[in-house]
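No experiment lies behind these values; they were computed from the predicted model shown.
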Amino acid sequence: MDISFVGSSQVNLGRNGDVGFFSFGQNLNAKSRFDVALIYIWMASIMVDGVKLYVGLPLDTVSKMHTMNQERAIAAGLKALKLLGVEGVELPVWWGIAEREVRGKYQWTGYLAVAEMVHKLGLKLHVSLCFHASKQCKIPLPEWVSRIGKEEPGIYFTDRSGQHYKDCLSLAVDDVPVLDGKTPVEVYKDFCESFKSAFSPFMGSTITGISVGLGPDGELRYPSHHHPAKSNGNHGAGEFQCYGKYMLANLKQHAEKHGNPLWGLAGPHDAPGYDQNPISGGFFMEDGGSWKTPYGGFFISWYSSQLISHGHCILSLAASTFKDAPISVSGKVPLVHSWYQTRSHPSELTAGFYNTANRDGYKDIVEIFSNNSCKMILPGMDLSDEHEPLESRSSPESLFAQITSSCLKYGVEVSGQNTAVSGVSRGFEQIKNNLLDKNATVDLFTYQRMGAYFFSPDHFPLFAQLVRSLNQPTQRLDSLPVNHGDTVESLPDSNLHMQTA
């Protein structure tokens with residue numbers, strides 16, 4: 001393990017200087033290097049009072065060959081977090097790795113090695129069961145699932161142009177035996193049961209929580225924004241994802257049941273494209289838009305009810321599987337905040353949330369978490385209205401307050417996450433404000449995510465200040481002292497996109 005300096009006090013941990021957890025030029029002997037790192041982190045260390053603080057491990061912590069990537073660097077990072085006062089870490093467990101080749105054949109070796117490492121260091125572990133793919137770290141769905149998808153693309157979400165979203169399965173096939181004679185729900189159940197059995201020695205001691213994947217990026221939503229945005233300056237609201245074989249069959253059946261078969265032929269004909277201004281005309285128009293017509297209400301109600309039913313099904317599956325384990329079960333709900341300050345809330349509607357200026361679309365979402373005794377994970381705790389583009393009519397703060405208010409009413413505990421790895425103090429300041437907000441009642445926060453930038457001199461001192469500030473709530477982050485050499489002369493103006501699991 002290498003620990004080295006640039007100048008007097010910039011500390012980096014890495015493997016031969018090539019991992020990037022810290023990057024240094026001048027070399028000391030191994031013991032001195034490690035001692036200096038411990039001193040640096042000790043100066044920033046303090047336990048967060050009232051809020052349990054976790055940090056996400058790299059998305060590719062475990063390789064496709066079931067070994068730990070950059071094992072020594074991750075071990076050094078875990079020691080740093082332990083000394084800082086972080087309670088634990090979050091580990092993405094990928095369906096496409098653990099059940100990669102054959103249905104029912106699981107390989108937990110690499111993930112068990114991570115759990116053992118975390119256990120030995122005295123940290124806690126929250127596991128995210130990921131039933132989706134990740135383009136960021138090139139982790140696909142299981143090979144056997146992808147082979148089925150080539151023959152039957154109807155298992156994927158599909159947009160109006162016929163483009164398939166292949167990073168997760170469509171919720172329309174939850175109970176359809178499309179996976180070698182089994183339904184996706186049955187396959188997810190088997191996966192959870194196998195995980196529970198393999199990790200039983202860690203349950204309740206090291207592993208304190210499980211979050212179950214509910215859709216794209218693990219979130220309860222439709223992949224309404226999966227199409228790459230064009231650089232035309234427009235902030236679109238995404239598209240409805242209802243054009244797959246099984247989604248259209250469900251829509252057709254629902255329309256016939258309600259006596260309007262023509263309403264079940266397709267999605268709204270006047271809905272805008274991915275990059276079109278959603279309120280300039282057509283379906284989402286503020287006054288006279290189709291979303292307010294009987295047809296619009298019919299379609300949006302059906303579309304959102306499919307998402308709610310799917311969320312309830314998967315949360316119920318996870319809750320029943322882990323009911324006798326002393327751990328919490330969670331699911332993630334996204335903060336779809338673009339166009340929130342309009343009457344129709346188009347981005348939320350295409351994502352599956354029937355939330356408008358005159359309708360609370362999150363009440364039913366919160367209820368399925370309450371009914372299954374599950375916690376809700378909310379990302380976006382680093383976002384503030386003042387830093388959102390004016391043309392997007394966004395309000396992450398208002399949406400966050402709306403959802404947490406419903407959670408408080410129905411007794412659903414909230415865990416928070418950031419949306420981006422912050423490179424500026426204002427993102428950390430917003431996280432702090434949300435964590436200390438008595439109305440939000442956030443009891444656990446997971447900072448996403450460990451990696452090269454997280455431990456860099458541009459970022460890690462700011463993260464350490466956040467931890468210190470949570471125990472000194474009357475002080476602003478920029479008023480807290482930093483160690484000599486921690487100050488970065490030029491910080492990036494924008495955040496780095498978070499790696500989601």
task = Mind running side-chain hydrogen bond (donor to acceptor under 3.5 Å, both in side chains) on Tyr243 and Gln163 for me, showing each step along the way?
result = CA-CA 9 Å; Tyr243 295 88; Gln163 181 181 11; over 6 Å; no
request  = Evaluate ring pair (Phe, Tyr, Trp, His ring centres under 6.0 Å) for His164 paired with Phe157, printing each intermediate quantity in order.
outcome  = CA-CA 6 Å; His164 302 298; Phe157 287 107; over 10 Å; no
message = Evaluate Glu90 against Ser128 for side-chain hydrogen bond (donor to acceptor under 3.5 Å, both in side chains), listing each step before the verdict.
response = CA-CA 7 Å; Glu90 174 262 344; Ser128 297; 2.7 Å; yes
ask   = What do the steps show when you test Asn69 against Val62 for side-chain contact (heavy atoms from CB on, under 4.5 Å), and what is the final call?
value = CA-CA 6 Å; Asn69 284 320; Val62 173; over 6 Å; no
ask   = Step by step, would you call Asn418 with Phe428 a side-chain contact (heavy atoms from CB on, under 4.5 Å)?
value = CA-CA 9 Å; Asn418 53 314; Phe428 288 110; over 6 Å; no
query = Does the side-chain contact (heavy atoms from CB on, under 4.5 Å) test come out yes or no for Lys182 and Asp190, once each step is laid out?
reply = CA-CA 11 Å; Lys182 282 205 168 190; Asp190 291 345; 2.6 Å; yes
inquiry  = Please evaluate residues Ser394 and His337 with respect to the criterion side-chain hydrogen bond (donor to acceptor under 3.5 Å, both in side chains), reporting the C-alpha separation (whole Å), side-chain torsions for both, the decisive distance (0.1 Å), and the verdict.
reply    = CA-CA 5 Å; Ser394 175; His337 54 82; 2.5 Å; yes
message = Apply side-chain contact (heavy atoms from CB on, under 4.5 Å) to residues Asp443 and Ser415 and explain how you reach the verdict.
response = CA-CA 6 Å; Asp443 71 330; Ser415 298; 4.0 Å; yes
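For the pair Ile74/Thr61, a side-chain contact is recorded, criterion being any heavy-atom separation below 4.5 Å from C-beta on. Counting heavy atoms from C-beta outward, Met381 and Val442 have side chains that approach closer than 4.5 Å. When side chains are defined from C-beta on, Pro216 does not count as touching His132, because their heavy atoms never get closer than 4.5 Å. Under the 4.5 Å side-chain criterion, counting only non-hydrogen atoms from C-beta, Leu179 is not in contact with Thr183. Using a 4.5 Å heavy-atom cutoff, the side chains of Tyr362 and Glu348 are in contact. Side-chain atoms of Val93 and Cys130, non-hydrogen and from C-beta on, never get closer than 4.5 Å to each other. Residues Thr208 and Leu125 fail the side-chain proximity criterion, which asks for heavy atoms closer than 4.5 Å. Two residues are said to be in side-chain contact when any heavy atoms from C-beta on lie closer than 4.5 Å; Phe195 and Val127 meet this criterion.
Scanning all heavy atoms of the two residues, the minimum distance from Met247 to Cys242 falls at CB-O, 3.7 Å. Closest approach of Thr350 and Ser347 over heavy atoms only: OG1-O, 3.2 Å.
Enclosure of atom NZ in Lys166 is not indicated, since only 12 or fewer non-hydrogen atoms of other residues, nucleotides or ligands lie within 6.0 angstrom.
Rounded to the nearest 0.5 angstrom, Ser211 OG and Lys332 NZ are separated by 7.5 Å. Taken from CG in Leu171 to CD in Gln241, the straight-line distance is 10.5 Å, to the nearest 0.5 Å.
Under a 4.0 Å N-O distance rule, the pair Lys64/Asp60 does not qualify as a salt bridge. Taking a cutoff of 4.0 Å between a charged side-chain nitrogen and a carboxylate oxygen, Lys363 and Glu367 qualify as a salt bridge.
Ring geometry for Phe199 against Phe202 counts as tilted: the plane angle lies between 30° and 60°, on a 0 to 90° scale. Note on ring orientation: taking the six-membered ring where Trp is involved, the planes of Phe455 and Phe460 are tilted (angle from 30° to 60°). Ring planes of His459 and Tyr447: tilted class, angle from 30 to 60°. Using a 30° and 60° split on the angle between ring planes, Tyr54 and His126 fall in the perpendicular class, above 60°.
The one candidate from Tyr165, Tyr222, Tyr274 that meets the side chain to side chain donor-acceptor pair (under 3.5 Å) condition with Asp159 is Tyr274. Across Ile148, Val187, Val102, a single residue satisfies side chain to side chain contact (heavy atoms under 4.5 Å, CB included) together with Asp180, and that is Ile148.
A donor-acceptor pair under 3.5 Å is formed between the side chain of Thr419 and the backbone N or O of Gly380. Here the side chain of Arg221 pairs no donor or acceptor atom with the backbone of Ala351 at under 3.5 angstrom.
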Less than 3.5 Å apart, which donor and acceptor atoms pair up between the side chains of residues 117-124 and the rest of the protein, not counting sequence neighbours?
unit_1: His119; atom_1: ND1; unit_2: Thr206; atom_2: OG1; d: 2.9
unit_1: Lys124; atom_1: NZ; unit_2: Ser205; atom_2: O; d: 2.8

Could you list the donor-acceptor pairs under 3.5 angstrom formed between side-chain atoms of residues 305-313 and any protein atom two or more places apart in sequence or on another chain?
unit_1: Ser305; atom_1: OG; unit_2: Ser301; atom_2: O; d: 3.2
unit_1: Ser305; atom_1: OG; unit_2: Trp302; atom_2: O; d: 2.7
unit_1: Ser309; atom_1: OG; unit_2: Ser305; atom_2: O; d: 3.0
unit_1: His310; atom_1: ND1; unit_2: Asp174; atom_2: OD1; d: 3.3
unit_1: His310; atom_1: ND1; unit_2: Asp174; atom_2: OD2; d: 2.6
unit_1: His310; atom_1: NE2; unit_2: Leu214; atom_2: O; d: 2.8
unit_1: His312; atom_1: ND1; unit_2: Asn372; atom_2: ND2; d: 3.2

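Within the structure, salt bridge (Lys or Arg N to Asp or Glu O under 4.0 Å) pairs that include any residue of residues 91-106 comprise Arg100-Glu143 (at least two apart or interchain). Screening residues 194-203 for salt bridge (Lys or Arg N to Asp or Glu O under 4.0 Å), with sequence neighbours left out, gives Lys196-Asp324.
Partners of Phe131 according to the ring pair (Phe, Tyr, Trp, His ring centres under 6.0 Å) rule, which considers only residues two or more places apart in sequence or in another chain, are Trp95, Tyr188, Phe191. Lys135 meets the salt bridge (charged side-chain N to carboxylate O under 4.0 Å, His left out) test with Asp167; sequence neighbours excluded.
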